Each structure stands twice: as structure tokens, then as C-alpha cells.
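What follows is a short report on a single structure.
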Protein chains: 2
Amino acid sequence: MQKPRSEPPLSRERIVATAVELLDAQGVDGLTMRRLADRLGSGVMSLYWHVDNKEDVFDLALDSVLEYGGPPQLVEPRDWRGEVVHMLEDWRASMLRHPWSASLLPRRALGANILSRLELLSKTLSRAGVADADLNVAIWSLWNYVMGATISRANFDLSDDGRADTQQRLTGLSERYPTIERSRLLLDNDWDGAFRKGLGFLLDGLSPRQ
Amino acid sequence: MQKPRSEPPLSRERIVATAVELLDAQGVDGLTMRRLADRLGSGVMSLYWHVDNKEDVFDLALDSVLEYGGPPQLVEPRDWRGEVVHMLEDWRASMLRHPWSASLLPRRALGANILSRLELLSKTLSRAGVADADLNVAIWSLWNYVMGATISRANFDLSDDGRADTQQRLTGLSERYPTIERSRLLLDNDWDGAFRKGLGFLLDGLSPRQ
DNA sequence: AGTCGCATGGTACGTCGTACGAGTCAATCG
DNA sequence: CGATTGACTCGTACGACGTACCATGCGACT
């Protein structure tokens with residue numbers, strides 16, 4: 001008589017993967033150690049052999065979601081703008097696939113995958129001829145832009161339940177915020193286009209002057 | 001024999017103000033309904049008469065910290081760039097005075113004070129001659145930049161306890177992230193300067209073309 | 001056979017958010 | 001004047017949480 005052979009043994013990787021599943025399904029508040037253990041078919045305290053504490057799980061889950069595969073071969077290696085845009089759009093897409101990551105990131109330290117992306121960004125801009133004095137500013141500006149855009153967007157996804165809500169809240173406020181209303185700022189759904197266009201403007205500003 | 005006359009009556013305002021104090025002192029996880037009630041000299045459940053639940057407290061505290069007094073009289077009314085910069089720097093400063101706000105913002109809906117700032121931004125850019133088609137993109141780009149910059153900065157404040165930590169972690173990683181190391185990206189402390197400079201680049205990119 | 005590491009998980013403690021309902025007190029009404 | 005009402009306060013209690021502590025099982029090595 002052996003165990004139902006249902007579950008492979010616990011491991012850090014399996015825990016993290018399952019945590020990501022749970023976060024995707026239930027959001028930040030939906031992840032509890034008990035639920036996580038349930039899904040893994042293990043006892044709660046067994047997790048603590050592989051993981052320091054719940055914060056650790058958050059850190060690992062977040063970093064695991066931010067891996068970058070690198071630019072596609074299609075891109076000309078000299079096309080620094082294309083490389084930067086590709087990496088940043090991939091970054092944003094990764095986070096939007098897991099909206100909880102946006103609300104988690106502000107409280108967590110920089111994981112390995114974030115540092116890799118920053119390193120790549122740094123190298124690319126440097127090769128593109130951005131002056132050393134401007135390099136850090138450029139990197140932070142791009143990073144900030146992506147972070148802000150992603151967080152705003154993810155936030156809207158969460159707080160809108162089906163748009164009708166916002167629609168209503170806004171018409172109630174339209175006389176107090178006329179310009180917002182007129183420009184339909186909060187109803188414009190073309191997030192991807194806006195992201196790309198704004199990124200373009202930012203890169204325009206950052207480009208080495210001729 | 002009367003009560004020690006120590007505490008004024010409960011009110012929504014007093015609750016929010018005390019919540020902000022507590023958040024300032026103890027951070028996001030330091031705010032509990034019990035501690036809040038203690039500080040107010042009241043019973044825990046009394047809070048629930050004035051406030052829906054803990055989430056509500058977070059929302060109110062956040063919005064209360066983001067009020068904007070408007071630009072100083074010194075600024076030429078035609079100086080749209082100055083106005084925008086002033087408002088955005090004030091925004092950033094307000095949030096950095098209360099670092100918990102940065103980690104709270106990503107999960108909350110837009111409060112009245114945030115909408116006011118967006119409205120002001122919108123109006124100013126519109127008057128400055130930004131094309132209608134670019135207006136939303138411009139607003140979001142600026143908002144995103146400020147959000148990202150502030151969140152990153154607040155996060156560093158929290159996670160660095162005294163810098164020595166980061167210093168050490170980084171020297172361990174210097175061979176893996178050479179460009180970051182070389183540019184001293186994570187050790188450069190001139191956050192304010194970087195913010196202003198990056199904002200300048202962004203505004204350059206957004207400025208109406210001549 | 002005995003020992004030792006890795007790995008698992010049951011029990012229990014302290015803390016949390018908050019539902020429920022009983023209590024106080026001033027203003028209002030018959 | 002007593003009765004009623006509404007605004008407000010709060011003690012108790014419940015279920016869920018993170019995790020400290022400790023007992024147990026298991027394969028490898030002596």
C-alpha cells in the first residue's frame with residue numbers, strides 16, 4: 001500500500017510555480033500559506049523547509065515572472081531603439097499577464113531578473129551613444145515610465161469591474177473635471193497604443209542630440 | 001465625576017488623520033484597526049460607524065495625502081512648463097513624505113485629489129498647445145513617469161536600511177552586472193536631480209513641435 | 001543496528017478584520 | 001412628562017491568518 005502517488009515531491013520551484021498560479025487566480029490577498037499547501041497537496045509547515053516565509057514567496061513569485069528571453073533575431077543588432085522598445089514592451093506584457101505583480105513590485109527589492117533587464121538597458125543605451133552623464137537619468141526615466149504605465153494599467157484592470165462602473169462614476173463627476181471628461185482620458189481604451197506612443201516621445205527626448 | 005475629557009469625539013477626519021500618523025510611523029503593515037482605535041482612545045468597533053472597513057481607511061488616508069494647493073503666485077501664468085513641473089514635483093514630494101502611499105497607490109481607485117491633479121494637468125497641457133490627438137498620451141506619460149519615479153524611490157528608501165546593505169549586495173553582483181556597476185546606477189543618490197532631468201527630457205519629447 | 005541529514009506535517013499561539021447585538025445619551029414627539 | 005427614536009460607542013466572539021515548536025519518517029552511511 002503506497003501513497004496515491006499523486007504529488008511529486010515539494011521543491012522551491014514547484015512552490016513558486018504554484019504560488020504564481022494561485023496569484024493569477026485569486027490575486028494578492030488570495031495567496032495564503034494554507035491555500036498554497038492545499039494546492040500542493042502538502043502540509044502547511046512543509047513549505048517552510050523550502051521557503052523562509054510568506055514574503056519570500058512573494059519575492060520569488062515576482063522575480064519568476066519577470067524573466068526576459070532577449071530580443072528576437074529579427075531585430076537588426078544596430079537598432080538600439082528597437083531593442084529597447086522590445087524589451088520594455090515585453091516587460092510590460094509580462095507584468096500585465098500577472099496583474100498582481102504590479103501591486104507587489106513597489107514593496108519588493110530588486111530581484112535578479114530585474115537587474116538583468118536594467119543591465120541590458122544600460123548596455124544598449126550606452127552603445128547607442130547616450131552620454132555617460134545622461135545614462136543613469138535615461139535608464140531611470142525609461143524604467144519609471146514602464147513601471148508607472150504598467151501599474152496604472154493593471155490598477156485599472158482591477159478596479160474597473162466591467163467598465164460600466166467607471167462610466168457611471170465619471171458622468172457623475174464630469175462637471176467637476178471637464179477637461180478629463182472632454183478628452184475621455186479615463187475611457188480611452190487604447191492602452192497599448194498610448195504606451196508605445198509615449199515611449200516614443202520619451203525616447204525622442206532622450207536620444208543623443210545630433 | 002466626568003470622563004478625563006481627554007479625547008474629542010470620533011469623526012471620519014480624526015480617524016483618517018490618525019491613520020496617516022500611524023502609517024507614517026509604522027508603515028503599511030503597522031496599521032491595524034486595533035492600533036488605530038488605541039491611538040484614538042476608542043473601542044475598535046466604534047471605528048466601523050464612521051468607516052466601512054479597513055480598505056476604506058486606506059483609500060481615505062491615501063487621498064488625504066495627495067491634496068494639491070496649486071502653483072505659487074510667482075509662476076508666470078503663461079509658463080506652462082513651470083506649472084507642470086511644479087505640480088508634478090509637489091506630487092512626488094507629497095508621496096515621498098509618506099512612503100507608504102507609493103505602495104498603496106497601485107491597488108486603489110482614483111480618489112478625488114488624484115482626479116483634480118489629472119484635470120489640472122490636462123488643462124495646462126491643453127492650453128499649452130499640445131495637439132488633442134496627443135493629449136491623452138502626454139498626460140499618461142507624465143503621470144506614469146511620476147508614479148514610476150516615486151514608487152522606485154520610495155521602494156529604495158524602504159529596502160535600503162542604511163545603504164551598506166545595497167553596497168554589499170552590489171559588489172557581490174558586480175561581475176554579473178558590469179554596466180550597472182560601472183555607472184553606479186544603484187548607488188547614485190541624486191534622486192531629485194535625476195527626477196527633474198528626466199522630466200525635462202520627457203517634456204522635450206512631448207513639446208509641441210515647431 | 002545505530003546514527004544522521006533531509007524532509008514532512010500536526011498542534012498551538014498570538015494577531016488580525018469584523019459580524020452581532022447590547023449599551024449610552026440627547027433630541028423629538030405624544 | 002414618559003416613550004420613542006436615532007446617532008453613536010464598544011465588549012464579545014468567530015474564523016482565518018502566519019508561523020514557532022516539536023515529533024515523525026526515511027534513505028544513506030558507519
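Residue numbers start from 1 in every chain, and the chains themselves are labelled A, B, ... in the order their sequence lines are given, proteins ahead of strands. These values consider heavy atoms only, across backbone and side chains, with no hydrogens, waters or symmetry-generated copies. Owing to the predicted nature of the structure, the values given are computational and were not obtained by experimental measurement.
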Working for side-chain contact (heavy atoms from CB on, under 4.5 Å), residues A:Leu203 and A:Tyr145
CA-CA 11 Å; A:Leu203 286 171; A:Tyr145 178 80; over 6 Å; no
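Looking at residues two or more places apart in sequence or on another chain, you find no side-chain hydrogen bond (donor to acceptor under 3.5 Å, both in side chains) involving B:Glu67. Qualifying salt bridge (Lys or Arg N to Asp or Glu O under 4.0 Å) partners for B:Asp90, counting only residues two or more places apart in sequence or in other chains: B:Arg117.
Rounded to whole angstrom, the span from the NZ atom of A:Lys54 across to the P atom of D:dG18 amounts to 4 Å. Following rounding to the nearest Å, A:Asp56 (CG) and D:dT19 (P) show an atom-to-atom distance of 10 Å.
For the segment residues 22-48 of chain B, residues with any heavy atom less than 4.0 angstrom from an atom of DNA chain D are, sorted by number, B:Ser42, B:Gly43, B:Met45, B:Ser46.
One finds no salt bridge joining A:Lys197 and A:Asp190 here, because no Lys/Arg side-chain nitrogen approaches an Asp/Glu carboxylate oxygen to under 4.0 Å. The residues A:Glu55 and A:Arg108 are annotated as salt-bridged, a charged nitrogen and a carboxylate oxygen being separated by less than 4.0 angstrom.
Counting only residues at least two apart or on different chains, the salt bridge (Lys or Arg N to Asp or Glu O under 4.0 Å) pairs with a member in residues 91-100 of chain B are B:Arg92-B:Asp192.
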Identify the pairs formed between an N or O of the protein and an N or O of nucleotides 4-8 of chain D at a distance under 3.5 Å, and give each distance.
from, atom 1, to, atom 2, distance (Å)
D:dC8, OP2, B:Trp49, NE1, 3.2

Could you write out DNA chain D as a dot-bracket string, with dots for unpaired bases, | for bases paired across to another strand, and Watson-Crick or G-U pairs counted at under 3.5 Å?
||||||||||||||||||||||||||||.|
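Few gaps surround CZ on B:Arg14; more than 12 heavy atoms of other groups in view lie less than 6.0 Å from it.
The main-chain N or O of B:Ala61 is found under 3.5 Å from a side-chain atom of B:Ser64 such that the two form a donor-acceptor pair.
Considering only heavy atoms from C-beta on, A:Ser141 stays 4.5 Å or farther from B:Leu202 through its side chain.
For the residue pair A:Ser152 and B:Trp143, a side-chain donor N or O sits within less than 3.5 Å of a side-chain acceptor on the partner.
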